[in-house]
Trainee: 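There's a structure below that I have some questions on.
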Amino acid sequence: MSYDAAIIGAGHNGLVAACYLARAGLKVVVVEKNDWIGGAAVSRELYPGFTYSNCSYVCSLFRPEIMRDLELPKHGLQVLPYEGGAVFTRDGGYLATFRDHEANRRELMRHSPRDAEAYDRYSRDVMRHCRFIRPLLLRTPPDPATFRPRDIAELAWLGRKVGEMSEGQICDMIRFWTMSISDFLDEYFESPVIKAYLAVSAIIGTALGPMSPGSAYVLLHHYMGDVDGNVGAWGFARGGMGAITQALTASLRAAGGEVRTGAGVEKVLVANGRATGLRLEGGEEIAARRVLSNMDVKRTFLKHVDTAELPPAFVKRVETFKSRGSSGKLNIALDAAPHFPALPDGAPMLKGDLHFTDSVERMERAYDDWKAGHFSRDPFQDTMIPTMIDPTMAPPGKHFMSCFIQYAPPKIEGRDWTDADRDAFGQTVIDQIAEYSPGFKDRILHMEVRTPRELEAEVGLTDGNIFQGELTFDQLLFNRPVPGYAQYKTPIRDLWLCGSSAHPGGGVMGAPGRNAASEILRDLRAKTEMRQAYAVV
Amino acid sequence: MKDLRHHYEAPLRTTPFHDRIAAANVLNQWGPWAGYTTALVLEDAEMEYSAIRNTASLYDLCPMIKYRIAGRDAVDYLNRLTLRDVARVAVGAVQYTAWCDDRGKLLDDGTLFRLGEAEFLLCCQERHLPWLLDSAIGFEVSVHDVTAEIAALSLQGPCTASVLDAAGFDVSALKPYRFASFPFDGGDLIISRTGFTGDLGYELWIEPALALPLWDRLMAAGAYCGIRPVGSHALDIARIEAGFLAAHADFVPADQALREDRVRSPYELALDWMIDFGKGHFNGRRALLAERDGQTSEWAFVALDIEGNVAADHAILYDGRNREVGQITSAAWSPSAKRSIALAQVRRPHHAGAKGGLRAEIYALRELHYVKLMMTARMTERPFFAPPRRRTTPPGRF
């Protein structure tokens with residue numbers, strides 16, 4: 001029994017790639033080491049009656065072109081936009097966000113009348129950067145070192161796009177890609193809490209501080225998604241983030257593809273420089289004309305491919321590819337909604353993201369702890385209660401709370417995390433929330449604490465890096481993951497990368513999986529129905 | 001709202017005149033304007049328009065953004081900010097003006113009231129506080145948003161001088177673009193001979209607490225001629241007839257344009273008459289000089305007379321060879337000029353009488369289907385309607 005394609009990892013990108021290949025008529029199998037599908041886009045019942053989005057927790061970046069191509073709505077995917085959100089300040093106040101422009105402006109005005117008006121200019125400028133970058137997401141990056149007509153044409157296309165900009169905007173764009181989010185925000189705002197709120201998007205999942213150069217681009221990465229065309233908006237997948245991978249699995253099966261769980265890969269089989277299949281941990285071998293790895297580039301080549309088959313310079317590059325873990329997660333089942341006395345009764349803020357860090361300086365100090373090899377003693381959180389909107393994830397009146405935490409290093413002062421470290425990390429987070437929400441601790445029914453150790457062990461993310469490699473400019477576009485190998489191909493023929501280590505990176509976007517499938521089908525000259533990226537009108 | 005945290009419960013605020021306007025708004029048609037609820041139509045847009053041109057109309061101007069600019073360097077500061085020479089504005093006078101970014105692209109237009117030697121009120125459509133504050137670096141001047149501190153009312157129409165007289169305010173000596181102060185109910189009422197209709201009319205500025213008594217006084221004084229409150233739809237027709245630009249209709253403010261090719265210079269919006277290169281440096285001066293000397297303007301802003309009787313809203317303009325050369329930005333059937341009128345951005349040199357003329361591609365939706373019309377568009381004079389009564393001082397008694 002031989003497959004046209006075997007895909008390692010039933011995360012969203014592996015499934016997206018599998019769906020496209022299966023729909024083009026290829027015989028496809030996805031193998032997953034866990035007993036459940038989903039990778040980092042999962043819904044799991046870790047406490048009776050509660051659905052946990054225990055890894056990724058919000059949805060915006062997943063490309064609508066893919067949802068449509070793969071008929072994910074038909075297979076059960078619903079994405080719900082959310083409103084609300086607030087950052088609590090140490091003086092007992094808060095800054096909230098609102099979808100309504102006027103309400104949002106008045107809220108900003110409470111903190112700074114000048115910033116309230118500057119916000120529109122800021123939004124416009126960020127949107128300008130989005131408009132440039134978004135069309136790149138569903139395109140294979142050109143390799144600037146080759147002289148193939150296709151690469152030259154793609155470079156020319158990029159050049160034309162740059163050429164459409166004014167000199168001033170080209171300068172702004174290059175500055176934006178290289179500067180820190182703190183410096184970027186200082187150009188618009190004066191209020192510390194407004195800057196703190198906006199800075200979060202630039203450091204989520206990234207081993208950078210808000211004052212590190214390059215962090216501004218990460219903000220863009222979190223801005224360029226949309227919910228139904230509303231660029232920058234975020235939503236919940238109804239039923240948790242696993243709803244995305246469940247819909248993908250249903251779509252895959254409808255197209256004749258297979259998914260096998262509990263099937264961890266031991267080795268990618270290589271013969272004469274080309275991949276020929278997989279050997280599973282139990283010893284079973286699966287023959288396949290090609291192998292796609294949804295694992296990150298480090299895990300793929302340093303753990304599951306015989307390095308003797310690889311060019312040493314490539315191996316070295318893979319080893320030094322930055323995938324430093326920086327974040328952890330608390331997933332909590334709550335007996336009742338938490339109460340925050342700072343908020344007006346009945347206020348909508350709890351339906352959105354909650355933060356407890358009211359200045360960029362505090363975030364940077366949290367990063368200082370990470371640099372010293374310790375989790376942040378005063379961490380920042382991006383905390384959500386999806387059950388405020390999604391009625392399917394907890395019994396009525398009870399809630400699931402997802403706390404994304406930074407910073408947590410891959411190792412504690414150079415040694416592995418211990419259970420005691422993990423528990424101390426969890427306690428730090430709970431203590432921080434309880435400062436703003438008396439009685440919070442008493443409402444906890446169950447709690448899962450995940451550090452980079454757990455993220456690597458369970459989800460397979462090297463060092464717990466949620467993007468399968470940092471989204472810094474040195475690791476983007478034709479340099480992601482390794483110069484010369486940005487087009488989803490690898491030094492081993494018929495072994496492809498389809499995960500977030502490849503362009504355009506992480507964030508439950510699905511684009512790497514789609515683009516990898518596109519390259520394979522292009523090589524096969526196979527007919528496929530793959531929508532081009534929606535035009536940025 | 002005492003506790004400001006609860007602002008989100010009413011994202012659109014009501015103006016100081018709201019109680020009266022709500023009572024008059026029998027159609028209950030409201031629209032948002034700069035964070036306020038404002039009437040689009042109260043009873044009948046055509047009759048409301050007719051009041052503007054025939055008798056007297058009241059329009060709630062409260063949401064208009066107002067900045068108080070004061071301090072020793074106020075004149076120098078405003079000269080640096082705006083295109084025109086502010087030193088020429090006497091105390092008690094109003095200047096219609098505009099301002100640009102450093103690249104010489106229009107940010108907004110508005111009216112500048114000189115309240116004192118070193119005190120001004122700048123009224124405009126858009127919010128500009130960060131720009132105004134950044135431009136104030138190095139000047140001894142303060143800039144404050146006073147929008148909520150002043151209730152403003154536009155009284156427009158041929159009978160308005162008579163109405164004001166009947167209300168106890170003698171404005172017979174007030175020339176266009178001048179204002180004067182009158183005592184009212186223990187407060188100060190400022191009346192300026194300004195407006196957005198290109199007709200005889202006044203704007204009234206009062207502290208919010210006296211807004212409703214002022215409204216009542218004017219409605220009573222104008223009862224003889226059938227004064228009526230009007231909504232934005234009626235005013236907009238008068239605005240187009242008067243040939244005034246509106247932000248987001250006729251131009252995109254340069255600091256809000258997402259698409260870089262949407263910004264326009266004063267030359268491209270026919271506001272170049274305002275530019276005073278002799279007054280010293282001002283924001284955008286170098287860019288505008290270069291544009292003038294290099295003749296690099298790409299667009300022109302024109303008034304069009306459109307064949308037929310269908311308003312040409314948002315029509316694309318074509319030259320004689322069927323190439324797109326522009327876009328209509330505002331359009332209306334003009335009841336006063338009895339023609340279909342339009343304001344448009346046209347790519348140069350097509351503004352200077354293109355061969356074969358321009359044609360407007362109009363889609364008239366009639367019973368579910370578009371009727372596509374290609375109508376000749378002829379350059380014409382702006383304003384489209386300019387009755388002599390708008391300038392006569394003392395104003396006529398109608």
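Atoms considered below: every heavy atom in the structure, side chains included; atoms not considered: hydrogens, waters and symmetry mates. Just so it is clear: chains get the letters A, B, ... in the order the sequence lines come, proteins before strands, and each one is counted from 1. Just so you know, these numbers come straight off a predicted model, no measurement behind them.
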Trainee: Surrounding CG of A:D345 (heavy atoms of other residues, nucleotides or ligands, distance under 6.0 Å), is the total greater than 12?
Mentor: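 Not buried by this count: 12 neighbours or fewer within 6.0 Å.
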Trainee: Top residue by heavy-atom pair count (under 4.5 Å) with chain B, among A:H101, A:E164, A:R131, A:M165?
Mentor: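 Most heavy-atom pairs under 4.5 Å with chain B: A:R131.
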Trainee: Where does A:D100 contact chain B at under 4.5 Å (heavy atoms): side chain, backbone, both or neither?
Mentor: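 The side chain, not the backbone.
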Trainee: Hey, which of A:G346, A:G93, A:A347 has the most heavy atom pairs under 4.5 Å with chain B?
Mentor: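 Of the candidates given, the most pairs with chain B belong to A:A347.
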Trainee: Of the backbone (N, CA, C, O) and the side chain (C-beta and beyond), which part of A:R110 lies under 4.5 Å from a heavy atom of chain B, both, or neither?
Mentor: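 It is the side chain, since no backbone atom gets that close.
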Trainee: Is the closest side-chain heavy-atom distance between B:Y8 and A:E102 below 4.5 Å?
Mentor: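 No - every pair of side-chain heavy atoms lies 4.5 Å or more apart.
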Trainee: Hey, could you give me the CZ/NE2 distance between A:R106 and B:H6, rounded to the nearest 0.5 Å?
Mentor: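 Spacing of CZ (A:R106) from NE2 (B:H6) equals 15.0 Å.
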Trainee: Quick one: does B:D134's side chain get under 4.5 Å of A:R114's, heavy atoms only?
Mentor: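 When only atoms from C-beta onward are counted, A:R114 and B:D134 do touch, with a gap below 4.5 Å.
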Trainee: Counting distance only, does the side-chain N/O of A:R105 pair as donor-acceptor with the main-chain N or O of B:G35 below 3.5 Å?
Mentor: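 Not confirmed, A:R105 side chain does not pair with B:G35 backbone.
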Trainee: Pick one of side chain, backbone, both or neither for A:M109, based on which atoms fall under 4.5 Å of a heavy atom in chain B.
Mentor: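 Looking at A:M109, nothing touches chain B.
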Trainee: Give a yes or no on whether the backbone of B:E260 and the side-chain of A:Q169 come within a donor-acceptor separation of less than 3.5 Å.
Mentor: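 Flag not set: sc A:Q169 to bb B:E260 has no pair under 3.5 Å.
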Trainee: Hey, what's the ring geometry for B:H7 with A:F98, parallel, tilted or perpendicular (30° and 60° as the breaks)?
Mentor: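 B:H7 vs A:F98 ring planes: perpendicular.
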Trainee: Is B:D145 close to chain A through its backbone or its side chain, or both, or neither, when contacts mean heavy atoms under 4.5 Å?
Mentor: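 It is the side chain, since no backbone atom gets that close.
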Trainee: Using non-hydrogen atoms and a 4.5 Å limit, figure out which bit of A:A96 sits close to chain B: side chain, backbone, both or neither.
Mentor: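 Neither part.
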Trainee: Contact part of B:Q256 toward chain A, heavy-atom cut-off under 4.5 Å: side chain, backbone, both or neither?
Mentor: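 For B:Q256, the backbone is the part near chain A, not the side chain.
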Trainee: Could you tell me whether B:N28 atom CG has more than 12 heavy atoms of other residues or ligands within 6.0 Å of it?
Mentor: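 Check passes, neighbour count above 12.
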Trainee: Please determine, by modelled atom types, if B:H128 and A:E117 share a side-chain donor-acceptor pair under 3.5 angstrom.
Mentor: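 Result is no, nothing qualifies.
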Trainee: Within a strict 4.5 Å, meaning less than it, do heavy atoms of the A:R128 and B:L258 side chains meet?
Mentor: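 Counting from C-beta outward, A:R128 and B:L258 do come under 4.5 Å.
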Trainee: Search all heavy atoms of B:P130 against all heavy atoms of A:A118 and return the closest pair with its distance.
Mentor: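 Taking B:P130 first and A:A118 second, the nearest heavy atoms are CG-N, 3.5 Å.
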Trainee: Which region of A:Y94, side chain (C-beta onward) or backbone (N, CA, C, O), has a non-hydrogen atom less than 4.5 Å from a non-hydrogen atom of chain B, or is it both or neither?
Mentor: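 Contact with chain B: side chain only.
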Trainee: Is it true that atom CZ of B:R286 has more than 12 heavy atoms of other residues, nucleotides or ligands lying nearer than 6.0 Å?
Mentor: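 No, not enclosed.
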Trainee: Would you find more than 12 non-hydrogen atoms of other residues, nucleotides or ligands less than 6.0 Å from B:R103 atom CZ?
Mentor: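 Atom CZ in B:R103 is not packed in, count stays at 12 or less.
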Trainee: Out of curiosity, B:R127 CZ to A:Y119 OH, how far, rounded to the nearest 0.5 Å?
Mentor: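 Spacing of CZ (B:R127) from OH (A:Y119) equals 15.0 Å.
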